[in-house]
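Mind looking over this structure? Questions follow.
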Amino acid sequence: MTTSIPVESRTATEVAPYGTLRNFVGGALVDVAGSTIPVHNPATGAVIAHVPMSGSSDLDAAVSAAQAALPAWRALTMKDRVQVLYRYRTLVEKHMDELSQLIVEEHGKVMAEARAEWLKVMELTEFACSLPQIATGSVMEVSRGVECRTERTPVGVVASIVPFNFPSMVPHWTIPNAIALGNTFILKPSEMVPLSAMRTAELLAEAGLPAGVFNVVHGGRETAEAICDHPGIGAVTFVGSTRGAQAVYRRATSNLKRALCLGGAKNHLIVLPDAEPEMTASNVTASMSGCSGQRCMAASVMLAVGGDSAMDGIVKDVVKHAKALVTGRDIGPVISEAARTRIEKYIDEAEAAGARILVDGRNAVVEGKEGGYYVGATVIDGVTPEMKIAQEEVFGPVLAILRTATLDDALSVENRSPYGNAAAVFTEKGSSARYVAEHATSGMIGVNVGVPVPREPFGFGGWGDSAYGTGEITGEASIEFWTRTRKTTTKWNRDAGTNWMS
């Protein structure tokens, strides 16, 4: 790997090859005086870096740098601002192999998944490059000789608090759009996966982004709370657990900031008797196991409709696909030892409650990586709605199969979940698909699609306890969040009639 993640921060110690990281503020690496915590490679358990826990003074420095950069950045036309993003996208493509390997190292994803993240980064950046044609104002003659015009203006200094499960993709849900629209930006990456954020800062600088427009502040809960409280930050986004989303939303809005916070999920995949067996089984399994199940769009519950005789064949196919997945090759580790313990506890409790383990991923060990945090693909049948595994987000490669007699019974299970991120239906009937789309209580619906993520320009976002705030975090809908609308009314014609507006 040829990454040039801050050479100054690499102490090249035996236990942590990336040394102690620094914040990236005002275009430069900045030391943090506070404590540090180790960053582990989940595939091996080895310490690969130490990340600092920034305090309020560290955040103050980042906000000051962002405020200083704001006037000149905001003054540029949007077309001028996105030229940086064109160059940045080219650099991502150029360094694709290195960037993907970095995610493999800090997160544990298999290479194909890591590469897919950066490909999505390129797509998100491409959308931001199109904003000059999309985020336009309007002009209209509203009265004889009087015109009104609207234009988009940036919020100012904004911040994003992002999770561990997608070290590059989720930060880029917000970075390109926010800066293209004229804001200056502070990113707080997950303390578990801080390396990709530093490389992002470096490549943006190489692309010509002015110092202070993009800043990285490392830290944990205290840093996130400081972002919510800081009077110099005008808008905050958060992606993580529902508990975290609720806390950030309440704290940020209580400080009169804009906030958009995405939480957890419990996604239901409804399988009808007429579903095409092979497509259904492969899609359900891929949705459950992709990214080790550590994504808010993962299939969590398969609602098998129509009784045993109708569903046994598809369940058998799901089991076949799940058993074919090789842990360590097809499924990477989960993020930590604590995560592995928590996931296996859900499986233990389901089994003790009477569910049947058809594929068991507990106690997985990968040869040569015995210190890694692995959970293999797991399929559990005979789950009932009362079981914890049917109600709570597991965030691992675990599929719970819950059988229902009718489609309405399946929808009743989905409707009772407090989450509302995504739901999918597998069927060959358009009428059934439409019925599910109209009656499910989720913001993103899939028809014969196990991971129904909208692609740009469509926005990403769920309902219920999966999202707090107005709008969506990506696509055209994000324009409203990152900008304010200025309305200007003009009369130049002195002969225009006088009315209530004059």
Side-chain angles (χ1 to χ4, degrees), residues 42-45 107-110 113 165 265-269 271 277-278 280-295 297-304 308 311-404 413 450-451:
T44 64
H107 184 278
K109 290 189 180 189
V110 300
E113 293 171 344
N165 58 329
K266 193 67 178 173
N267 303 322
H268 297 79
L269 275 61
V271 179
E278 176 59 26
T280 300
S282 62
N283 271 257
V284 169
T285 307
S287 180
M288 169 270 288
S289 61
C291 301
S292 305
Q294 296 179 125
R295 54 183 177 183
M297 296 299 289
S300 184
V301 176
M302 173 177 155
L303 295 165
D308 294 344
M311 285 292 113
D312 282 348
I314 288 178
V315 170
K316 188 178 293 185
D317 287 341
V318 169
V319 168
K320 178 187 71 175
H321 280 279
K323 285 183 174 179
L325 296 172
V326 177
T327 306
R329 184 194 70 188
D330 305 310
I331 300 180
V334 295
I335 192 64
S336 66
E337 178 64 35
R340 178 170 67 181
T341 300
R342 176 182 52 78
I343 293 163
E344 291 187 344
K345 183 179 179 182
Y346 276 109
I347 301 170
D348 293 341
E349 290 178 350
E351 185 175 37
R356 302 184 302 280
I357 312 298
L358 304 183
V359 184
D360 195 343
R362 291 172 291 186
N363 304 312
V365 177
V366 174
E367 186 177 352
K369 297 180 178 179
E370 288 79 7
Y373 317 129
Y374 288 95
V375 179
T378 300
V379 179
I380 308 174
D381 201 358
V383 174
T384 61
E386 304 79 39
M387 295 180 185
K388 275 189 178 181
I389 205 164
Q391 298 179 24
E392 299 179 6
E393 185 174 39
V394 177
F395 226 56
V398 180
L399 179 69
I401 299 175
L402 197 157
R403 299 181 184 240
T404 69
V413 173
V451 184

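Because only heavy atoms are used, hydrogens play no part in the values below, and waters and symmetry mates are left out as well, while side chains stay in.
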Keeping the roles fixed (side chain from Ser289, backbone from Ser292), state whether a donor-acceptor pair exists under 3.5 Å. no
What pairs meet the side chain to side chain donor-acceptor pair (under 3.5 Å) rule with one or both residues in residues 320-334, with sequence neighbours excluded? Glu278-His321
Leu303 vs Leu269 side-chain heavy atoms within contact, under 4.5 Å: no
Mind checking whether Asn165 and Phe395 have side chains closer than 4.5 Å, heavy atoms only? yes
One should read off an interatomic distance between Ile380 CD1 and Ile347 CD1, to the nearest 0.5 angstrom, of 5.5 Å
Is Thr378 reaching over with its side chain to a backbone N or O of Gly376, donor-acceptor style, under 3.5 angstrom? yes
Do Glu393 side-chain atoms and Lys266 backbone N/O form a donor-acceptor pair below 3.5 Å? no
Measuring only between side-chain heavy atoms, which start at C-beta, is Val379 closer than 4.5 Å to Met302? no
Under the side-chain contact (heavy atoms from CB on, under 4.5 Å) criterion, do Val284 and Leu399 qualify, and how do the steps go? CA-CA 9 Å; Val284 169; Leu399 179 69; 3.6 Å; yes
Sorted by chain and residue number, the side chain to side chain donor-acceptor pair (under 3.5 Å) partners of Glu349 (sequence neighbours excluded) come out as none
Considering all heavy atoms of both residues, which atom of Ile389 and which atom of Ala350 are nearest to each other, and what is their separation? CG2-CB, 4.0 Å
Could I get the full list of side chain to side chain contact (heavy atoms under 4.5 Å, CB included) partners for Glu113, not counting sequence neighbours? Lys109, Val110, Cys291
Enter the distance from Ile401:CD1 to Met311:CE here, rounded to the nearest 0.5 Å. 10.5 Å
Ile343 side chain near Val398 side chain, heavy-atom distance below 4.5 Å: yes
Using atom types as modelled and distance alone, determine if a side-chain donor or acceptor of Ser287 lies under 3.5 Å from a backbone N or O of Asn283. no
For the CE atom of Met288 and the CG atom of Asn267, what is their distance to the nearest 0.5 Å? 13.5 Å
Could you tell me which non-hydrogen atom of Pro333 sits nearest to which non-hydrogen atom of Gly108, and how far apart they are? CD-O, 2.9 Å
In chain order, what residues pass the side chain to side chain contact (heavy atoms under 4.5 Å, CB included) check against Ala390, with sequence neighbours excluded? Val383, Leu402
To the nearest 0.5 Å, what is the distance between CD (Glu392) and OH (Tyr346)? 3.5 Å
For residues 354-373, please give each side-chain donor-acceptor pair under 3.5 Å, one per line with the distance, not counting sequence neighbours.
unit_1	atom_1	unit_2	atom_2	d
Arg356	NH2	Asp381	OD2	3.1
Asp360	OD1	Arg362	N	3.0
Asp360	OD1	Arg362	NE	2.9
Asp360	OD2	Arg362	NE	3.3
Asp360	OD2	Arg362	NH2	2.8
Arg362	NH1	Asp348	OD1	2.6
Arg362	NH1	Glu351	OE1	3.1
Arg362	NH2	Glu351	OE1	3.1
Glu370	OE1	Gly368	N	3.3
Glu370	OE2	Gly368	N	2.9

Does Thr384 have any side chain to side chain donor-acceptor pair (under 3.5 Å) partners at least two apart in sequence or in another chain, and if so, which? Glu386
